[in-house]
Amino acid sequence: MSSLQPVRGTVDLLPEDARKHRTIEALFARLVERYGFGEIATPIFEFTEVFSRTLGETSDIVTKEMYTFTSGDESLTLRPEGTAGVARAFITHGLHHALPLKVSYRGPMFRHERPQKGRLRQFHQVGVELLGVDSPLADAEVITLAAHFLDELGVTDTVTLELNSLGDAESRAAYRAALVDHLAGRGNGLSDDSRRRLAGNPLRILDSKDEGDRAIVATAPLLTDFLNAPSRAFLDRLCTLLAAAGLSPVLNPRLVRGLDYYCHTAFEFTTTALGAQGTVLAGGRYDGLIQQMGGPATPGIGWAAGVERLALLHEDRTALPRPVVLVPLGEAAESAGFALAQDLRKAGLHVEMGYAGTLSRRLKRAHKMNACAAVIVGENELAQGKAVVRDLDDGTQTDISFFDLAGQMIRLYRDKQ
RNA sequence: GUGGCUGUAGCUCAGUUGGUUAGAGCAUUGGUUUGUGGUACCAAGGGUCGUCGGUUCAAAUCCGAUCAGCCACCCCA
């Protein structure tokens, strides 16, 4: 109730965490550029139909997890994921003239779910979309990029790549019928949740965590066996390409995606280190999406990764910068010291100000921020036009004239920062 | 939306069968050092015990509600 705490499921990213997020996003941005993806930034809210029409009217996200509000007579929704907005932008700007299109995005997403480990109501994703290529080459490239990204983050040892094919529409319809048939005879043994899923989204029963469900599903027909020849060939080709890149995915015939727009390739990078929220990066192919939204038939494939989940796995080893601390003693020295600090910063050094207190106090604070040097300017120094530069690692002090200060400091301390 | 566990200082946590002024460590601030950091020692500040209500002579402690957090289901990044 207290308005002094953040809304449930939202968090303040204090500098330490914000820094970690930025490290992850910066790495993503750098890497994605190397693969030829340009950034796209779509609004964080859209007309509600953008999501309800693309994600599937029966998906959980649409039925119960969207933050929807009315403004004037328009129904608007905070984006629960990134692909729908990208697809909308693709159509509004006629980007089918620019195929193949490779874009990346990052930013906050919103889902009204009960928060738990690795799950927030406002969370952040980075993701990519590759539109206009129906060859498995696109799938392979996008998955390889994902693996590369996780590798550079140093989390690959805790993560495994799972792969499945949902087949094309024909294969999926045939399988769905066979699955429902199999389950219908055993309906009474299914959990309440799964009996509900039987009507709307039977494939979801495949990855149920209920033990009774698992037993029933264990004997169910496999999606893989219902793939028609083209779908089968597509999957085989993808596996060959991934192998060529040194990737050996675990084929998981029970891997299902929640959103209706997926077909053929579905993949997840999962971990056991995050409790129940094992999916760290996931995606798939969505060949029918653009057309379904009213655009020209355009194949597409993409993935998204949860920044918070990556942050939980990623150990930030990048060293914090070591500042030089400028310590002016007295009002006159303050003016001179303030100006010197600016000179040093313009020269490219990371400079902190030792604002107030005794010299002892300020050096203590400088030590705590892991400073590499203190530049002390008091009455004596002012009179002589020299600053006392104290090296905080070895305690040595040298006088350096104000005139030379920036140049000398760069020479002495740039490497220590 | 459902279930389990938990809310005491900025952080991590003690607090006996209900009983005076609710404690510790870390952190912060000050001092030993009025121009010299790390170590050490001394001291100080900081709490309507999540909130509201109830039981009681007396509640951090027992009860109820509520809010929040964590974990799980569901779902997903």
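Below, read A as the first sequence line, B as the second, and so on, with proteins coming before strands; counting in each chain starts at 1.
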query: Can you tell me how far P in B/rA24 sits from the matching atom in B/rG15, rounded to whole Å?
result: 15 Å
query: Roughly how many Å is it from CZ in A/R8 to P in B/rU66, rounded to a whole number?
result: 13 Å
- prompt: For RNA chain B, which residues in residues 370-379 of chain A have a heavy atom at a distance below 4.0 Å?
  reply: A/I376, A/G378, A/E379
statement: Looking only at heavy atoms, the pair that brings A/Q125 and A/A304 closest together is OE1-CB, 3.6 Å
message: Please report the interatomic distance OH(A/Y35) to OG1(A/T144), rounded to the nearest 0.5 Å.
response: 6.5 Å
message: Does a side-chain N or O of A/K368 approach OP1 or OP2 of B/rU28 to a distance below 4.0 Å, or not?
response: yes
- prompt: Is A/G9 touching bases, backbone alone, or none of the nucleic acid, heavy atoms closer than 4.0 Å?
  reply: sugar-phosphate
- prompt: Expressed as a whole number of Å, how far does the P atom of B/rG31 sit from that of B/rU12?
  reply: 30 Å
message: Say we look at B/rG53 and B/rU29: how far apart would their C1' atoms be, to the nearest angstrom?
response: 39 Å
message: Please report the distance, rounded to the nearest Å, between CZ in A/R119 and P in B/rA72.
response: 9 Å
field: Contacts of type ring pair (Phe, Tyr, Trp, His ring centres under 6.0 Å), residue A/H112, not counting sequence neighbours
entry: A/Y67
message: Students often mix this up, so state it plainly: with edges at 30° and 60°, are the rings of A/F234 and A/H264 parallel, tilted or perpendicular?
response: parallel
field: Residue met sooner reading RNA chain B from 5', once A/A305 and A/V11 are mapped to nucleotides
entry: A/V11
- request: Could you check if a side-chain atom of A/N252 sits within less than 4.5 angstrom of a side-chain atom of A/L163, using non-hydrogen atoms only?
  value: no
- prompt: For A/F269, which residues count as a ring pair (Phe, Tyr, Trp, His ring centres under 6.0 Å) partner, sequence neighbours excluded?
  reply: none
- prompt: Base, sugar-phosphate, or nothing for A/L281, non-hydrogen atoms under 4.0 angstrom?
  reply: sugar-phosphate
- request: Round to a whole Å and report the spacing from CZ of A/R309 to P of B/rC75.
  value: 14 Å
- prompt: Within this structure, what is the CZ-to-P distance between A/F149 and B/rA77, rounded to whole angstrom?
  reply: 15 Å
- prompt: Looking at A/R361, does any N or O in its side chain come under 4.0 Å of the phosphate oxygens OP1/OP2 on B/rG30?
  reply: yes
task: Taking only Lys NZ, Arg NE, NH1 and NH2, and the carboxylate oxygens of Asp or Glu, determine whether A/R365 and A/E352 approach each other closer than 4.0 Å.
output: no
query: Salt bridge check: are A/R88 and A/E46 linked by an N-O gap of less than 4.0 Å?
result: yes
- request: For nucleotides B/rU8 and B/rU51, find the distance between their C1' atoms and express it as a whole number of Å.
  value: 14 Å
- request: Output the residues of residues 120-130 of chain A in contact with RNA chain B, where contact means a heavy atom of the residue under 4.0 Å from an atom of the strand; sort by number or write none.
  value: A/L120, A/F123, A/Q125
query: For A/T265 and A/D139, does a side-chain donor sit closer than 3.5 Å to a side-chain acceptor?
result: yes
field: Interatomic distance at C1', B/rA22 relative to B/rC42, whole Å
entry: 24 Å
- prompt: Between A/D393 and A/K416, is there a salt bridge with N-O shorter than 4.0 Å?
  reply: yes
message: As an exercise, state the distance from NE2 of A/H148 to CD1 of A/I143, rounded to the nearest 0.5 Å.
response: 15.5 Å
field: Dot-bracket line, read 5' to 3' along RNA chain B, where crossing pairs take [ ] and | marks a partner on another strand, Watson-Crick or G-U under 3.5 Å
entry: (((((((..((((.....[...)))).(((((.......))))).....(((((..]....))))))))))))....
query: Starting at the 5' end of RNA chain B, which residue's closest nucleotide do you reach first, A/T10 or A/A304?
result: A/T10
task: Taking atom P in both B/rC11 and B/rC49, compute the distance separating them and give it to the nearest angstrom.
output: 16 Å
query: Say you pick atom C1' in B/rG18 and the same atom in B/rC5; how far apart are they, in whole Å?
result: 24 Å
message: Whole angstroms only, please: what is the CG-C1' distance between A/D12 and B/rG10?
response: 14 Å
message: Whether A/E39 and A/R106 form a salt bridge (side-chain N of Lys/Arg under 4.0 Å from carboxylate O of Asp/Glu) is what I want to check.
response: yes
query: In whole angstroms, how far is the P atom of B/rG35 from the CZ atom of A/R362?
result: 10 Å
message: Strictly by side-chain hydrogen bond (donor to acceptor under 3.5 Å, both in side chains), give each pair with a member in residues 325-344 of chain A just once, sequence neighbours left out.
response: A/Q342-A/R345
query: Taking only side-chain nitrogens and oxygens of A/R114, does any of them come within less than 4.0 Å of OP1 or OP2 of B/rC75?
result: no
- prompt: So, does the side chain of A/E381 form a donor-acceptor pair with the base of B/rG35 at under 3.5 Å?
  reply: yes
message: So, does A/S360 get its side chain near the phosphate of B/rG37, meaning an N or O under 4.0 Å from OP1 or OP2?
response: yes
message: Students often get this wrong, so: under 4.0 angstrom with heavy atoms, is A/Q397 touching a base, only sugar-phosphate, or nothing?
response: base
query: How is A/A282 classified with respect to the nucleic acid when contacts are heavy atoms under 4.0 Å: base, sugar-phosphate, or nothing?
result: sugar-phosphate
- prompt: Do A/V126 and A/F28 have side-chain heavy atoms sitting under 4.5 Å apart?
  reply: yes
Atom C1', compared across B/rC70 and B/rG23: separation rounded to whole Å: 26 Å
- line: Whole-Å distance, A/Q116 CD to B/rU2 P, equals 15 Å
query: For the pair made of CD in A/E81 and P in B/rC75, what is the distance, rounded to whole Å?
result: 18 Å
